[in-house]
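Before any comments, here is the structure.
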Amino acid sequence: LIAALWKVGELWRTQEIDIYQEHICSNTACTVLDMIMQRLPEIENTSPLAIGGTFERNFDTIGSKILSVVLRSIGVRTIDLGCNLPAESIAKAAHRLHASIVWICHTHVENIDCLLANHIV
């Protein structure tokens, strides 16, 4: 899946495919990841909790979904908060939900200074 997504990204970056084609591929990948997640065994409430997503201005959900599936596959409870979240909101969720692990996905970095500042919340 990751190799296919990388190829799609390269084709889009070089404008060999249109944005609608990239979206079809991305939405298909998200559907596959959701189906994989549904097939994983239930995780006990006593297992560690991991939460994550992407910061503001990052609208890609695939990386976060992949991390959620991987963590669930090794017995970690996960909550994927989605994309385009303020850093403060992710921090608040981690605190209130008593998360043991927090992940942040970055697939598009436009402003490195803003990105670094978000990690200092």
Side-chain angles (χ1 to χ4, degrees):
L1 184 62
I2 291 173
L5 290 169
W6 186 270
K7 180 66 175 176
V8 168
E10 285 299 306
L11 290 171
W12 181 67
R13 186 183 62 75
T14 59
Q15 299 179 343
E16 294 177 59
I17 62 173
D18 196 88
I19 190 70
Y20 80 89
Q21 293 168 308
E22 184 276 333
H23 280 216
I24 290 170
C25 295
S26 294
N27 288 332
T28 301
C30 285
T31 299
V32 168
L33 290 166
D34 289 340
M35 291 171 70
I36 292 169
M37 185 69 93
Q38 290 173 2
R39 295 186 186 281
L40 292 173
E42 290 295 318
I43 306 296
E44 294 183 26
N45 257 356
T46 57
S47 297
L49 174 65
I51 65 166
T54 70
F55 287 144
E56 290 177 289
R57 293 181 297 279
N58 193 328
F59 299 97
D60 187 3
T61 59
I62 295 173
S64 196
K65 282 182 176 285
I66 289 172
L67 277 168
S68 185
V69 168
V70 168
L71 289 168
R72 278 277 310 275
S73 75
I74 61 169
V76 176
R77 292 180 298 134
T78 63
I79 299 174
D80 182 355
L81 300 172
C83 59
N84 194 31
L85 293 156
E88 295 82 9
S89 184
I90 295 171
K92 187 183 293 184
H95 177 72
R96 290 192 177 160
L97 298 172
H98 307 287
S100 302
I101 302 166
V102 176
W103 77 79
I104 304 296
C105 290
H106 305 287
T107 54
H108 301 84
V109 177
E110 293 179 16
N111 182 330
I112 192 70
D113 293 328
C114 181
L115 174 76
L116 294 173
N118 278 331
H119 280 284
I120 302 173
V121 171

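Each residue takes its place number in the sequence, starting with 1.
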query: Distance-only, no hydrogens or angles: does the Q21 side chain make a donor-acceptor pair with backbone N or O of D18 under 3.5 Å?
result: yes
message: Between S26 and E22, is there a side-chain donor-acceptor contact under 3.5 Å, judged purely by atom types and distance?
response: yes
Cluster link M37 to L67, ILVMFWY, side chain under 4.5 Å: no
message: Please determine whether the number of non-hydrogen atoms from other residues, nucleotides or ligands lying under 6.0 Å from atom CD of E16 exceeds 12.
response: yes
query: Got a donor-acceptor contact below 3.5 angstrom from the S68 side chain to the S64 backbone?
result: no
task: Determine, using the 4.5 Å side-chain heavy-atom cutoff (strictly less than), whether V76 and W103 are members of one ILVMFWY cluster.
output: yes
query: Between L40 and I62, is there a shared hydrophobic cluster once you connect ILVMFWY residues whose side-chain heavy atoms come closer than 4.5 Å?
result: yes
query: Atom CD1 of I51 and atom CG of L85: how far apart are they, to the nearest 0.5 Å?
result: 9.5 Å
query: Can you tell me how far the OG1 atom of T14 sits from the CH2 atom of W12, to the nearest 0.5 Å?
result: 11.0 Å
- prompt: Side-chain heavy atoms under 4.5 angstrom apart, residues restricted to Ile, Leu, Val, Met, Phe, Trp, Tyr: same cluster for L49 and I43?
  reply: no
message: Within this structure, what is the SG-NE2 distance for the pair C30 and H23, rounded to the nearest 0.5 Å?
response: 10.5 Å
field: Close side-chain approach of L33 to L1, heavy-atom, < 4.5 Å
entry: yes
Results of side-chain contact (heavy atoms from CB on, under 4.5 Å) for T54 - residues two or more places apart only: N58, C83, C105
task: Verify the cluster assignment for V102 and L97: are they in a single hydrophobic cluster under the rule of side-chain heavy atoms below 4.5 Å apart?
output: yes
- request: Please name all residues satisfying side-chain contact (heavy atoms from CB on, under 4.5 Å) with P86, sequence neighbours left out, ordered by chain then number.
  value: E56, E88, S89
- prompt: Quick check: does any side chain N or O of R72 sit under 3.5 Å from a backbone N or O of P41, one acting as donor and the other as acceptor?
  reply: yes
Residues K7 and E10 bridged, charged N to O under 4.0 Å: no
- request: Give a yes or no on whether a salt bridge exists between K65 and D80, defined as a side-chain N under 4.0 angstrom from a carboxylate O.
  value: no
- line: Residues passing the side-chain contact (heavy atoms from CB on, under 4.5 Å) test with I2, sequence neighbours excluded, are I66
